[in-house]
Amino acid sequence: MSLPVRVRFAPSPTGYLHIGGARTALFNWLFARHHGGTFILRVEDTDTARNTQAAVDVIFQGLRWLGLEWDEGPQTSDPAGPSRGEFGSYFQSQRAGVYRRRLQELRDRHLAYDRDGAVYFRMTREPIAIPDLIVGDIVRPLTDREQADPDWVLWRSDGQPVFHFVNVVDDLEMKVSHVIRGEDHISNTAKHLALFRAFGVEPPRYGHIPLILNEDGSKMSKRDRGAVVTNYEDEGFLPAALVNYLALLGWSPADGQEQLSVPELIARFDLDRVNRSAARFDVKKLEALHFEHTRRLDPDAYVAQATPYLKRAGLALDSYPLAYVRAALLTTQEKGKRFRELPLWCDFYFTPDEAVTFEAEASTKALTPAAGPMLIQLSQAFDAVSEFTAAGLEAALKQRAAAAGVKVGALVQPCRVACTGRLVGPSLYHLLEVLGRERVRARLVRAAARCGSGG
RNA sequence: GGCGCGUUCGUCUAUCGGCUAGGACACGGCCCUCUCAAGGCUGAAAGACGGGUUCGAUUCCCGUACGCGCUACCA
């Protein structure tokens, strides 16, 4: 590893960022960060019919959400816009001159020639050995078709260079040291190696990583929800959790530790512990990691992450004092839920007392005729509490239960439903404290009246 | 069809010839408990198949099956 590490992620802007592409980007990024190298973003936008600036934005947004900042590459999604790095442009659509120059170079050396209006590469007739950092050394003999005619097209008759050519030229020009990409490119590598040889330069080192499959083992297509990175953002997964999960698909640290922060991943990631076999995507495990990462978040970060999702869901957070919003959200942190489902756990904080709605099952189970008087008594007991805190409220409620000769649960559930409208939610005493004396009183009284009427 | 890559509990994985095959997620049971959880303890669960090599194979080699990739003037 004498040369400086330079790796690249080279997506084609097709309108979405594939989860497999995201993991390829992640492995490249981790490898670069681990070795103090450079992570390059290059946009392969040669398909002018399909590629749009909006599609480029989707990729940028996905990478940024995951925290995969690039050291070299475009600064804006406009192909003609500015870029960072000395080897730009980083949009293939802007690099026609480079490709033409390189093509001429091959022609001058009689390694490229015209046939039927296209330019062909004079491919080696020998089997090609592909050294791979992950799969091991592979020898790929020529296929029967290649035996008959090993040469292949570099430049189409319509005036466009082909993928294999621009890919190699760019890796060469951008001084890429390691190519980490999906194993679907493993056979293509023979062509790429031959091209590097034709240019008379040392090829990069290759590492082909296995594919990601659906949960049922089928191939992921763009139609699969789980294949699209934005869906994970919409669902409210923590990016650090997705990064952690993705890293574990095909790679594992020597000691088997599974919860890893991004800095830990950077410190420990390397190619020698990457697998060779395809892995299925298991949302349950992602959820488990999301749970762990979420609980470990510092309170301010948790509030900052959760807030946009709740606003998007229509909760009027802005109508409440910041301290109240913060306290309310923090009662949900230990639940470790996806942010998308957070409204189920905290919408009652942001609902006027008279507008709390009771779920049908909650109402029948907890707001029984017998519960009415108990709620009134509980309300009075809470009024008598000097400090309206979780500890004080817990003591008061337990005292009330003992005095009434009922189990604590017989009081807890009616109280919870009265205040939240639901049977599940954050810790009761904590949510009462956050709601405060006035709101709690109003809700208990209102629900008590409802008990009498039989729902 | 040809060539290449892959194959350990349901899932992700550990194992670099000695394994009573370990961990995590998911699942079952028990405990704890203000709901749902979480947490603690615990249970069930794997080496695709067939040959070799070896004192000994999950580990090395070959074959078969299955999956995937490439085999384009797609990327």
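So that the names make sense, note that chain A is the first sequence line, chain B the second, and so on, each numbered from 1.
The base-pairing partner of B:G39, taking Watson-Crick or G-U wobble contacts with both distances under 3.5 Å, is B:C31. Look at B:A24: its Watson-Crick or wobble partner, with both distances under 3.5 angstrom, is B:U11. Across the strands present, B:A46 finds no partner; the criterion is a Watson-Crick or G-U wobble pair with both atom distances under 3.5 angstrom. A 3.5 Å limit on both hydrogen-bonding distances identifies no Watson-Crick or G-U partner for B:C19. In this structure B:C5 sits in a base pair with B:G67, meeting the Watson-Crick or G-U test at under 3.5 Å.
Atom P of B:C27 sits at a distance of 24 Å from the matching atom of B:A14, rounded to the whole Å. A distance of about 46 Å separates the C1' atoms of B:C41 and B:C61, rounded to the whole Å. When the P atom is compared between B:G39 and B:A26, the two are found 9 Å apart, to the nearest whole Å. On the C1' atoms, B:G23 is 12 Å away from B:C9, given to the nearest whole Å. Rounded to whole Å, the P atom of B:U15 lies 42 Å from the corresponding atom of B:C73. The P atoms of B:A21 and B:U59 are separated by 15 Å, rounded to the nearest whole Å. Straight-line distance between the P atoms of B:G47 and B:G10: roughly 8 Å, to the nearest whole Å. Remark: the separation of the C1' atoms in B:G67 and B:G29 is 37 Å, to the nearest Å.
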For nucleotides 12-14 of chain B, tabulate all protein N/O to nucleotide N/O atom pairs closer than 3.5 Å, reporting atom names and distance.
residue, atom, partner, partner atom, Å
B:C12, OP1, A:R280, N, 3.0
B:C12, O2', A:L248, O, 3.2
B:U13, OP1, A:G250, N, 2.8
B:U13, OP1, A:N275, OD1, 3.3

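Between A:Y232 and A:F237, the ring planes lie tilted relative to each other; the angle falls in the 30° to 60° range. A tilted orientation is assigned to the rings of A:W251 and A:F269, their planes being inclined by 30° to 60°.
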**Message:** Apply side-chain hydrogen bond (donor to acceptor under 3.5 Å, both in side chains) to residues A:D282 and A:Y245 and explain how you reach the verdict.
**Reply:** CA-CA 9 Å; A:D282 181 6; A:Y245 179 68; 5.4 Å; no
* To do: Show the numbers, then the answer: is there a salt bridge (charged side-chain N to carboxylate O under 4.0 Å, His left out) between A:E72 and A:R42?
  => CA-CA 8 Å; A:E72 283 182 25; A:R42 181 172 80 221; over 6 Å; no
- Apply salt bridge (charged side-chain N to carboxylate O under 4.0 Å, His left out) to the pair A:D383 and A:R441, showing each step before the final yes or no. CA-CA 8 Å; A:D383 277 338; A:R441 185 194 299 121; 3.1 Å; yes
(message) Let's go through A:E215 and A:R280 carefully: what are the C-alpha distance in whole Å and the side-chain angles of both, what is the deciding distance for salt bridge (charged side-chain N to carboxylate O under 4.0 Å, His left out) to 0.1 Å, and is it a yes or a no?
(response) CA-CA 5 Å; A:E215 296 202 70; A:R280 302 180 188 207; over 6 Å; no
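Evaluation of atom-type donor-acceptor distances gives a pair under 3.5 Å for the side chain of A:K335 against the base of B:C36. A donor-acceptor contact under 3.5 Å is not formed by the side chain of A:S187 with the base of B:C3.
For A:H34, the NE2 atom is densely surrounded, since the number of other residues' heavy atoms within 6.0 Å is greater than 12.
Checking B:U71, B:C34, B:G39 against every side-chain atom of A:V412, the shortest atom distance belongs to B:C34. The A:Y120 side chain lies nearest to B:C73 when the options are B:C73, B:G6, B:U35.
The nearest whole Å value for the distance from the CZ atom in A:F237 to the C1' atom in B:C25 is 13 Å.
Nucleotides of RNA chain B nearest to A:E44 and A:L213 differ in position, and the one nearer the 5' end is that of A:L213.
In the model, A:Y429 has no side-chain atom that pairs as donor or acceptor with a side-chain atom of A:T389 under 3.5 Å.
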